[in-house]
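So the structure is just underneath, and the comments pick up after that.
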Number of protein chains: 2
Amino acid sequence: MATENCSNMLEEHGIRPTPNRVLVAQALCHAARPLSMSELENTIGSIDKSNIFRTLTTFRQHGLVHAIEDGDGVRYEICHSHDCESDDDLHAHFFCEVCRKTYCITSTELPQPTIPQGYKVNSLNYILKGVCPACNKG
Amino acid sequence: MATENCSNMLEEHGIRPTPNRVLVAQALCHAARPLSMSELENTIGSIDKSNIFRTLTTFRQHGLVHAIEDGDGVRYEICHSHDCESDDDLHAHFFCEVCRKTYCITSTELPQPTIPQGYKVNSLNYILKGVCPACNKG
DNA sequence: CATTGTTCTGCAACCTGGTTGCAATGCTGG
DNA sequence: CCAGCATTGCAACCAGGTTGCAGAACAATG
């Protein structure tokens with residue numbers, strides 16, 4: 001996504017589009033998969049990890065990104081939900097144990113288990129672990 | 001589970017039943033829910049965390065326990081699978097964000113998403129986060 | 001344009017969970 | 001009993017995540 005568009009996207013979510021924030025948003029938009037703090041740090045190269053952490057916290061508070069816990073830390077992806085309150089952009093994720101990347105499984109809806117009485121569910125995390133097609137060759 | 005039974009259980013899995021290992025196995029059997037390394041350390045009180053770590057690693061290698069990543073670290077539970085190879089004891093887990101405990105959702109089968117071509121799945125982790133019934137009162 | 005208060009940022013320090021190296025101890029088989 | 005391997009506790013380490021702080025950037029106001 002172009003710098004301009006990312007800047008607008010931030011403003012639409014009530015986030016002031018500082019240069020660093022635009023860089024983080026661009027990195028997330030450009031990646032086809034969720035990125036961890038350190039992946040973002042390496043990709044961008046010019047921003048301190050504490051700032052990336054605070055930027056992602058801000059993004060999350062404004063419903064711009066999802067946090068995904070894939071057993072290898074936390075990764076973030078742009079939330080494509082039509083309505084960030086209802087968070088209808090849920091899907092499973094696949095963590096490759098070889099290349100240690102996390103992919104979105106968008107081919108299928110996130111299957112919802114039956115929740116017993118009394119539990120209040122705030123978020124879902126469905127992680128599959130194994131070997132991705134790229135690493136599975138040969 | 002009694003000391004005697006735990007000891008047998010270890011031997012059935014090809015694990016030498018040292019006193020410490022029996023303590024860890026008992027703690028896991030006695031708890032109705034998966035426990036983290038530090039929960040085990042606190043519950044048992046007499047065993048060093050590095051030893052608990054190595055004990056759990058051994059248990060896992062012998063198919064005695066599952067590791068569950070619930071976004072709050074790793075927790076372990078006795079694997080009740082009939083056949084540890086096929087690992088048919090899969091179920092979702094619920095992490096309470098208030099008391100920070102993890103519960104098993106055994107009321108329902110773990111729903112399986114459709115996996116795209118080429119991915120080799122080794123394990124599944126389905127975590128729901130929210131507030132458990134005990135913390136949800138009042 | 002200068003001033004002031006808030007926001008953003010980088011750096012360094014910290015914390016916690018997980019992991020490893022090592023030396024001492026305990027156990028097992030000859 | 002002895003040699004050799006398994007088990008253990010301790011201390012150190014590591015990485016990801018988090019916080020405190022002080023300076024830089026910014027927006028608003030007179």
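Residue numbers begin at 1 in each chain, while the letters A, B, ... track the order of the sequences.
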task: Using the test side chain to side chain donor-acceptor pair (under 3.5 Å), find all partners of A:Glu97 that sit at least two apart in sequence or belong to another chain.
output: B:Asn122
- request: Figure out the CZ/P separation between B:Arg54 and D:dG9, and round it to whole Å.
  value: 10 Å
List the atom pairs, donor and acceptor, that lie under 3.5 Å between side-chain atoms in residues 15-24 of chain B and the rest of the protein, sequence neighbours left out.
residue : atom : partner : partner atom : Å
B:Thr18 : OG1  : B:Arg21 : N            : 3.3
B:Arg21 : NH1  : B:Arg16 : O            : 3.0

field: Sub-4.5 Å side-chain heavy-atom contact between A:Leu10 and A:Leu64
entry: yes
- prompt: Hey, does B:Thr58 reach any base, or is it just sugar-phosphate, or nothing, if we go heavy atoms under 4.0 Å?
  reply: nothing
- line: Atom CD1 of B:Ile47 and atom P of D:dC10 are separated, to the nearest Å, by 12 Å
- prompt: Are A:Arg60 and A:Val65 side-chain neighbours, meaning at least one heavy-atom pair lies under 4.5 Å?
  reply: yes
query: How long is the line joining CG of A:Asn20 and C1' of D:dC26, in whole Å?
result: 14 Å
task: Just jot down the ring pair (Phe, Tyr, Trp, His ring centres under 6.0 Å) partners of B:Phe59, sequence neighbours excluded, or say none.
output: none
field: Path from B:Phe95 to B:Ile105 over hydrophobic side-chain contacts below 4.5 Å
entry: no
Salt bridge (Lys or Arg N to Asp or Glu O under 4.0 Å) between B:Glu39 and B:Lys101, intermediate numbers included: CA-CA 10 Å; B:Glu39 284 169 339; B:Lys101 288 178 186 164; over 6 Å; no
message: What is the distance, to the nearest angstrom, from the CD1 atom on B:Ile15 to the P atom on D:dT8?
response: 12 Å
Produce the list of close N/O pairs, under 3.5 Å, pairing protein atoms with atoms of nucleotides 12-18 of chain D; give distances to one decimal.
residue : atom : partner : partner atom : Å
D:dG17  : OP1  : A:Val74 : N            : 2.8
D:dG17  : N7   : A:Lys49 : NZ           : 3.1
D:dG17  : O6   : A:Lys49 : NZ           : 2.9

task: Identify the 5'-most and 3'-most nucleotides of DNA chain C with at least one atom closer than 4.0 Å to a non-hydrogen atom of chain B.
output: C:dG18 to C:dT28
- line: Which of A:Arg100, A:Arg33, A:Arg75 passes salt bridge (Lys or Arg N to Asp or Glu O under 4.0 Å) with A:Asp70? Answer is A:Arg75
task: Check whether any side-chain heavy atom of B:Met9 sits under 4.5 Å from a side-chain heavy atom of B:Ile78, and report yes or no.
output: yes
Nucleotides 3-6 of chain D: which of its N/O atoms have a protein N/O under 3.5 Å away?
residue : atom : partner : partner atom : Å
D:dA6   : O3'  : B:Arg16 : NH2          : 2.9

message: Do A:Leu128 and B:Tyr119 land in one hydrophobic cluster if side-chain heavy atoms of ILVMFWY residues count as linked below 4.5 Å?
response: yes
query: Is the side chain of B:His62 donor-acceptor paired with the backbone N or O of B:Thr58 at a distance under 3.5 Å, no angle test?
result: yes
